[in-house]
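The next block holds one structure in the form of structure tokens; read it before the comments.
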Amino acid sequence: MNTDFVQSASVQDLLDRASGLDTEGGDPRLQHILRDLIESVMTLIVKHDISESEFWKAVTFLQQGADEFGLLVPGIGLEHFMDLYMDAKDAEAGRIGGTPRTIEGPLYVADAPIVEGDVDLSQDADDTGTLYMNGAIRGMEGEPVKGALLHVWHANSKGFYSHFDPTGTQSPFNNRRRIRIGDDGRYAFHSRLPSGYSVPPGGAAETLMHALGRHGSRPAHVHFFIEAPGYRTLTTQINFGDDPFAADDFAFGTREGLLPVPNRQGDAAYIAFDFVLQKADQVDDERFSARTRAVA
Ligand code: FE
């Protein structure tokens with residue numbers, strides 16, 4: 001069978017009706033996007049001659065894996081694709097330079113404590129070394145960014161994040177802070193050194209990665225949002241450049257310019273890293289994406 005089958009009058013009519021395009025009401029943008037989405041799925045069913053059994057296996061996988069969509073989406077490269085797409089649109093609009101954006105991941109928690117100065121992110125003991133990170137938050141002209149709020153979050157030495165720790169042993173907001181930055185634009189923090197981590201054993205993300213012949217591991221990393229009046233909100237992370245998975249991140253979150261190699265001395269690791277923000281061109285630039293995020 002040829003994919004022309006999807007273009008037959010009866011299938012095209014089905015698509016119009018299924019997406020609500022033949023009705024008066026409904027959201028027209030959603031109708032058109034959903035129509036294209038269903039048509040794409042139909043086309044791949046024909047292209048790969050997907051059987052009824054395979055089709056229902058896929059539906060069941062999605063149903064059972066729903067709580068791991070936040071890991072599946074980066075795992076199949078779609079979250080990174082969104083970054084590539086936004087980068088390409090920025091380049092077209094001449095908005096280039098600054099610290100690269102990269103994936104947020106599913107493990108941010110809103111309302112972390114707001115702190116100032118050279119802060120300790122960790123309130124829990126952890127059998128690991130200490131990460132010392134510092135640098136400047138600058139604009140494209142090199143100016144110190146004033147009034148910035150640096151959101152930082154990372155895993156513990158077991159690769160678990162507070163609020164999502166299956167062992168239940170972490171205090172709320174351990175390794176999570178929002179750092180209010182002074183007018184000099186400098187930041188500094190230290191914390192219990194994070195480890196890389198893998199997707200949960202036996203879960204949907206691991207099942208899919210193994211079926212693809214891939215792994216579900218990430219290098220050790222630290223996540224950031226930076227917001228500041230007049231600047232574009234940045235979503236990014238640094239991954240440890242000397243981690244075994246630095247060049248092989250299952251989530252595609254590692255990017256050139258975001259892979260500092262820590263200066264390791266004993267069980268301490270030092271990272272100096274400057275952030276460079278683009279100016280905001282429009283009100284939306286200062287906002288966060290509308291992604292639903294965990295609240296403690
Ligand atoms: Fe992470």
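Numbering of ligands and ligand atoms starts at 1, following listing order.
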* Which is the closest N/O/S atom of His221 when seen from the Fe ion (ligand 1)? -> NE2
* Structure fact -> Only one of Thr235, Ile238, Asp83 passes side chain to side chain contact (heavy atoms under 4.5 Å, CB included) with Thr102, and that residue is Asp83
* Output field: ring centroids Phe275/Phe224 closer than 6.0 Å -> yes
* To do: Return yes when at least one N/O/S atom of Gln237 is nearer than 2.8 Å to the Fe ion (ligand 1), and no when none is.
  => no
* Asked: Do other residues, nucleotides or ligands put more than 12 heavy atoms under 6.0 Å from the CG atom of Asn2?
  -> yes
* Would His223 count as a contact for the Fe ion (ligand 1), in the sense that one of its N, O or S atoms lies under 2.8 Å from it? -> yes
* Give me the ring orientation class for Phe288 and Phe225: parallel if the planes are under 30° apart, tilted from 30 to 60°, perpendicular past 60°. => perpendicular
